[in-house]
Amino acid sequence: MRKTFASKLFIVFCTSSLLINIVAAQNTEQRFLEHLTQNRTPGMTHFMQGISNTTMDISYGVPAAFLITGRLIHDGQMIKKSLYVFETVVVSTAIEVAIKHIVNRPRPSTKDSLIIPATDIGSPSFPSGHTSIAFATATSLSLAYPKWYVIIPSYLWAGTVGFSRMYLGAHYPTDVLAGAIVGSGSALLCRK
């Protein structure tokens with residue numbers, strides 16, 4: 001009887017602690033986004049919008065360019081790698097869209113009037129689709145071409161895309177982190 005009571009008490013304690021930590025993390029995320037919103041500058045906002053807008057162009061343009069080049073020079077390995085990068089982006093998008101509609105987390109601006117989006121927002125917030133696609137591209141390119149001059153710019157760009165989504169008030173930090181995990185995980189999954 002005592003073991004049952006003690007185990008129930010332990011479960012209540014763990015659940016309460018988890019909920020308290022989730023609420024504290026949510027408050028920290030909101031304060032961070034409020035800080036970003038209040039400290040925006042026109043030049044940086046324009047830059048972050050531009051970075052965010054490159055996501056689809058780079059994620060679909062790079063594998064398309066490699067595919068065309070591979071066909072022109074008859075390089076089977078380049079064609080294969082371009083299809084791998086493209087497949088990774090498609091898989092990442094499918095996973096991200098499914099999670100978005102299962103979790104259905106509201107965008108930051110719907111919860112806090114101090115967070116003003118500087119970009120168009122639509123679908124649910126979690127995970128960040130832009131970040132997912134950027135990290136899918138960066139990870140698959142890095143695995144296909146494991147050279148420092150591919151890896152460093154790829155992840156620098158993907159990280160900047162993730163930060164831009166927070167800076168623009170479109171996503172919470174945990175949305176961006178989850179997007180990075182989904183994107184990188186998709187690249188590893190497609191690699192298998």
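Heavy atoms only: backbone and side chains are in, while hydrogens, waters and symmetry mates are out. Just so we're clear, the structure is a prediction, and the values are computed from it rather than from any experiment.
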For [Y], does its backbone N or O pair with a side-chain atom of [X] as donor and acceptor, under 3.5 Å?
| X | Y | result |
| --- | --- | --- |
| T54 | I51 | yes |
| H74 | G70 | no |
| H171 | S125 | yes |
| T110 | R107 | yes |
| K100 | S123 | no |
| S142 | A138 | yes |
| S92 | V89 | no |

Q | Exceeds 12 heavy-atom contacts within 6.0 angstrom, atom OH of Y84 | A |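 Enclosed.
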If two hydrophobic side chains count as joined below 4.5 Å and joins carry through other members, does [X] share a cluster with [Y]?
| X | Y | result |
| --- | --- | --- |
| V85 | F135 | no |
| F47 | V176 | yes |
| F32 | M48 | yes |
| L33 | F163 | yes |

(Q) Quick check for you: to the nearest 0.5 Å, what is the distance between D175 atom CG and E29 atom CD? (A)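 One gets 7.0 Å once the value is rounded to the nearest 0.5 Å.
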Q) Charged N to carboxylate O below 4.0 Å: is that the case for E34 and R40? A) no
Q. Closest heavy-atom contact between R105 and T174?
A.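 Taking every non-hydrogen atom into account, NH1-OG1, 2.8 Å.
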For the residue pair [X] and [Y], confirm or rule out a side-chain donor-acceptor distance under 3.5 Å.
| X | Y | result |
| --- | --- | --- |
| T88 | R191 | no |
| S128 | Y172 | no |
| W157 | T137 | no |

Q. Hey, does K147 have a side-chain heavy atom less than 4.5 Å from the side chain of I151?
A.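 No, every pair of side-chain atoms sits at 4.5 Å or beyond.
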